[in-house]
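Written out below as structure tokens is the structure these notes cover.
Numbering of residues begins at 1 and proceeds along the displayed sequence.
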Amino acid sequence: GADQPGTAMNLSRAERTTVEGAARNEALRVLMVEDVPTEAELELRELKRAGLTVQSRIVTDETMFRDAVTTFGPHVILSDFSMPGWDGMAALAVARELCPYTPFIFVSGTLGEEYAIRALQNGAADYVLKTNLVRLPAAVERAVREAREHEIRLKAEAELEALHERLHSIFTTLADMLWSVLLPGRE
């Protein structure tokens with residue numbers, strides 16, 4: 001609920017400006033896949049009511065979505081599940097292709113349990129029913145925080161791998177170096 005530790009309601013205004021520092025002192029960029037503008041506004045209002053500073057872009061089709069992913073660089077994607085002409089599962093597939101580490105949350109009024117499970121298995125970070133939008137800020141905060149933690153972990157793993165390769169290179173050339181230094185009669 002809103003009074004649980006770690007939710008937007010318990011954070012100071014400065015802490016709520018970004019979600020756990022993931023947006024690096026800038027507004028949280030939210031890409032919304034939604035065909036009904038009033039529903040997108042309700043979602044944005046709920047995020048802002050929770051104290052989040054949000055910059056949003058709303059798209060309705062795949063072409064707009066692909067463009068927004070590359071030019072807008074969202075921190076999180078919120079998507080309706082069923083829309084005329086395009087659906088949320090197709091948007092999720094495109095998101096996994098173009099921005100696999102950007103959290104994707106379904107916000108839908110028609111998401112049944114079977115579809116919710118399928119969405120999570122296909123890479124969605126969460127789903128929120130439109131009848132329970134009060135849960136949206138906490139879902140966004142958690143998804144963005146986890147994505148940021150994953151990014152930090154990947155960077156640390158890459159740095160560790162580079163260090164491992166460097167040490168391996170030093171170790172493999174050390175014997176040759178010692179051999180040339182220890183050769184008798186060389187002065």
Side-chain angles (χ1 to χ4, degrees), residues 2 7-8 16-151 154:
T7 62
R16 290 188 312 241
T17 300
T18 61
V19 179
E20 300 292 322
R24 296 184 185 89
N25 296 323
E26 53 188 87
L28 182 69
R29 290 188 304 272
V30 179
L31 177 57
M32 305 178 81
V33 183
E34 177 61 68
D35 61 322
V36 181
T38 54
E39 291 184 0
E41 284 301 318
L42 288 173
E43 295 167 27
L44 287 171
R45 184 179 306 145
E46 194 63 38
L47 293 173
K48 290 174 182 177
R49 190 180 72 75
L52 297 173
T53 301
V54 177
Q55 181 183 1
S56 65
R57 184 162 302 166
I58 301 170
V59 299
T60 57
D61 63 41
E62 183 175 354
T63 302
M64 293 172 69
F65 181 77
R66 286 180 177 275
D67 179 61
V69 164
T70 56
T71 61
F72 182 59
H75 296 123
V76 64
I77 300 167
L78 305 179
S79 177
D80 194 355
F81 193 78
S82 58
M83 299 169 288
W86 203 43
D87 68 36
M89 289 302 284
L92 176 60
V94 172
R96 292 301 118 225
E97 170 194 334
L98 297 178
C99 53
Y101 301 117
T102 301
F104 190 103
I105 298 174
F106 279 106
V107 182
S108 183
T110 60
L111 196 63
E113 185 177 341
E114 181 181 321
Y115 289 110
I117 291 169
R118 189 170 60 133
L120 294 171
Q121 288 173 336
N122 285 329
D126 205 343
Y127 67 92
V128 175
L129 295 176
K130 289 183 179 180
T131 56
N132 192 19
L133 286 179
V134 70
R135 206 174 85 63
L136 185 60
V140 167
E141 287 178 318
R142 182 191 58 74
V144 172
R145 182 183 62 246
E146 288 177 0
R148 177 72 178 136
E149 290 168 355
H150 182 74
E151 178 185 330
L154 287 177

With [X] via side-chain contact (heavy atoms from CB on, under 4.5 Å) - residues at least two apart:
| X | value |
| --- | --- |
| Met89 | Phe81, Asp87, Leu92, Phe106, Arg118, Ala119, Asn122 |
| Thr60 | Met64 |
| Ala147 | Pro103 |
| Thr131 | Leu129 |

(Q) Tell me which pairs pass ring-ring contact (aromatic ring centres under 6.0 Å, His included) where either residue lies in residues 52-74, with sequence neighbours left out. (A) Phe65-Trp86
Q) Please walk me through it: do Ser108 and Tyr127 pass side chain to side chain contact (heavy atoms under 4.5 Å, CB included)? A) CA-CA 8 Å; Ser108 183; Tyr127 67 92; over 6 Å; no
Q) Can we say Glu41 and Arg45 salt-bridge, meaning some charged N sits less than 4.0 Å from an Asp/Glu carboxylate O? A) no
Q.
Any salt bridge linking Lys48 with Glu43? Criterion: basic side-chain nitrogen under 4.0 Å from a carboxylate oxygen.
A.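 Result for this pair is no, no salt bridge flagged.
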Q: Begin with the C-alpha distance, continue with both residues' side-chain angles, and end with the deciding distance and a verdict on side chain to side chain contact (heavy atoms under 4.5 Å, CB included) for Glu46 and Arg135.
A: CA-CA 9 Å; Glu46 194 63 38; Arg135 206 174 85 63; over 6 Å; no
Q: Tell me, with the steps shown, if Glu151 and Tyr101 meet side chain to side chain contact (heavy atoms under 4.5 Å, CB included).
A: CA-CA 8 Å; Glu151 178 185 330; Tyr101 301 117; over 6 Å; no
Going from [atom1] on [X] to [atom2] on [Y], what distance comes out if it is rounded to the nearest 0.5 angstrom?
| X | Y | atom1 | atom2 | result |
| --- | --- | --- | --- | --- |
| Leu42 | Glu34 | CG | CD | 9.5 Å |
| Arg49 | Leu136 | CZ | CG | 11.0 Å |
| Ile58 | Leu31 | CD1 | CG | 9.5 Å |

(Q) Measuring only between side-chain heavy atoms, which start at C-beta, is Ile105 closer than 4.5 Å to Val140? (A) yes
Q. Met83 versus Val36: any side-chain heavy-atom pair under 4.5 Å?
A.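 No - every pair of side-chain heavy atoms lies 4.5 Å or more apart.
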Shortest non-hydrogen separation from [X] to [Y] and the atoms involved:
| X | Y | answer |
| --- | --- | --- |
| Ala139 | Val128 | CB-CG2, 3.8 Å |
| Pro84 | Asp35 | CD-OD2, 3.0 Å |
| Asp67 | Thr70 | O-OG1, 3.0 Å |
| Leu47 | Pro137 | CD2-CA, 3.8 Å |
| Thr102 | Pro74 | CG2-O, 3.6 Å |

Q) Side chains of Ser56 and Arg29: is there a donor and an acceptor less than 3.5 Å apart? A)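 Per modelled atom types, Ser56 and Arg29 side chains form no pair under 3.5 Å.
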Q: Only counting residues at least two apart or in another chain, list the ones meeting salt bridge (charged side-chain N to carboxylate O under 4.0 Å, His left out) with Glu97.
A: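 In terms of salt bridge (charged side-chain N to carboxylate O under 4.0 Å, His left out), with neighbours along the sequence ignored, Glu97 is linked to Arg66.
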(Q) Quick one, Met32 with Val59, criterion side chain to side chain contact (heavy atoms under 4.5 Å, CB included). Give me CA distance, side-chain angles, the key distance, then yes/no. (A) CA-CA 6 Å; Met32 305 178 81; Val59 299; over 6 Å; no
**Q.** Criterion side-chain contact (heavy atoms from CB on, under 4.5 Å) against Val107, the qualifying member of Asp80, Val33, Asn132, Leu133
**A.**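 Exactly one candidate clears the test, Leu133.
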